[in-house]
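Below is one structure, written out as structure tokens; the observations come after it.
Below, each value reflects all heavy atoms present in this structure, side chains not excepted, and no hydrogens, waters or symmetry copies.
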2 protein chains.
Amino acid sequence: MSGKRGFVLRDALENDIAMGLLKAGERLDEATLAQRFGVSRTPIREALLQLATTGLVEIRPHRGAVVAQVGPSRLMEMFEVMAELEGMCGRLAARRADGSDITALVAAQRDCRAAAEADDADGYYYANERFHHAIYQASRNGFLAEQATLMHRRLKPYRRLQLRVRGRIRTSLAEHDGILAAIEQGDAEVASTLLKAHIIIQGERFGDLVANLAEHTA
Amino acid sequence: MSGKRGFVLRDALENDIAMGLLKAGERLDEATLAQRFGVSRTPIREALLQLATTGLVEIRPHRGAVVAQVGPSRLMEMFEVMAELEGMCGRLAARRADGSDITALVAAQRDCRAAAEADDADGYYYANERFHHAIYQASRNGFLAEQATLMHRRLKPYRRLQLRVRGRIRTSLAEHDGILAAIEQGDAEVASTLLKAHIIIQGERFGDLVANLAEHTA
DNA sequence: ACGATCTATATTGTATACAAAATCGTTGAC
DNA sequence: GTCAACGATTTTGTATACAATATAGATCGT
């Protein structure tokens, strides 16, 4: 009863968390999940274990798994680290990017602009993802690219929310222009600084969002 | 037949890899490991999965797990990232460290000096570990501290080897002095720069070691 | 009536049984 | 004699069965 082998389950759960289908703090019952995906508990447990290792869920011994609670302060910490990693990618990219890297970056930024002008939030989301991934690649440090991609995935759920913030897309696009220019010109420190700011701003914006939300629900 | 629950197995395997008991590229047979630890395959599989997620072993579908092959170039990439993370820890520590953080740092450095003067390589290894961990803590970014600790663990096997290099301990100790001073004085950029260099040098030294080894075996 | 302890239930953790896939050895053809 | 294809064996992947622990409910005592 399954072609659902390996990484598929993990991705599915990851996506459900990213999409908000599984809310933070929610219990992840193995039997229920097993039934829902039509597999036994074993592969479910393996998927949960992987998600726990990457920090998306928390497993307490004999007490089951829950979607990881990431409070605002923890989230800020994560964005702080992400900013540093992206800054590093940018710095290395400025030094090491070759023709094909630049081509990919320019193409991604073109898509970003198109989506922005069409007011297509989802489209911008994906184009933005490609843009950043292109920077990771351009760093010419495969390990760094992997780490950055992992972090990116972990922050996905929170990033997604705050793209809806009014005017954010336009600002983001402008920031991309600056970053792209710095990388093209090989200006490592500027590229790093701009990228760091680009990410940190997202964290701060998210902080505002959370504060707002807390106010409304309180 | 077991109080070996949870993280114990993972730690044991991790340690075996770090100690070189399990060589890079070596196959990790589930049945054999199960017998060796006196447990069934299930917890072994869980441990391997976790190690795979952190990158210490590689699992190829239906083809079993092997200790991850880290070539010299890959290793350099990892040290490059580690250097950036440590640099970040240092920068934040210089800004945010409080009295207890400084106390821990000074104590760790005292132990380092004692071990160095006694020519105790193992002792220095552990004191050095405490010193760096103290910096992670002092960054006052819990997430960053976790990430840095994880990276540290991943590089453990390689770090250990190159501490034997002649004169490295003395140099390392001197570098610690500079780093400690910068953090105490709150000089964020100096702390960051010194720490980055401190780590990168290790990567380069290891590069020399590998080159030397390759020469001898070729 | 409130609280604590003991028991029943449910859920996680581990072991075993079974299925699917890959490896290795053998056999057969050219 | 070499290479390829087939089959036997080994090993991974999944399901189920069993054991251990935590949770919740009920009973008893104060």
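Between A/H132 and A/H152, the angle of the ring planes lies from 30° to 60°, which puts this pair in the tilted group.
Straight-line distance from the CZ atom of A/R60 to the C1' atom of D/dA22: 11 Å, rounded to whole Å. B/H62 places its NE2 atom 10 Å from the C1' atom of D/dT14, with the value rounded to the nearest Å. We find that CG of A/L9 is positioned 8 Å from P of D/dT14, with the value rounded to whole Å. Atoms CG (B/L28) and P (D/dG13) sit 13 Å apart, rounded to a whole Å. Distance CD (A/E30) to P (D/dA22): 15 Å, rounded to an integer number of Å. Following rounding to the nearest Å, B/E46 (CD) and C/dT14 (C1') show an atom-to-atom distance of 9 Å. Between A/F37 atom CZ and D/dA15 atom P there is a gap of 13 Å when expressed in whole angstrom units. Distance A/L33 CG to D/dT14 P: 16 Å, rounded to the nearest Å.
One side chain, B/Y136 or B/E86, offers a donor N or O that lies under 3.5 Å from an acceptor on the other.
Each of D/dT16, C/dG13, D/dG13 was ranked by its minimum atom distance to the side chain of B/R45; first place goes to D/dG13. Here C/dT11 is the nucleotide among C/dT11, C/dT14, D/dT12 with the atom lying nearest to any side-chain atom of A/R27.
Judged by distance alone with a 3.5 Å cut-off, no donor-acceptor contact links the side chain of B/R63 to the base of D/dG13.
A salt bridge links B/R96 with A/E80; the closest basic N to acidic carboxylate O contact falls under 4.0 Å.
Along DNA chain C, the nucleotide nearest to A/T42 and the one nearest to A/G64 differ in position, and the one closer to the 5' end is contacted by A/G64.
Looking at A/E14, A/R10, A/R45 one by one, the single match for side chain to side chain donor-acceptor pair (under 3.5 Å) with A/Q50 turns out to be A/R10.
An OP1 or OP2 oxygen of D/dT12 is reached within less than 4.0 angstrom by no side-chain nitrogen or oxygen of B/R41.
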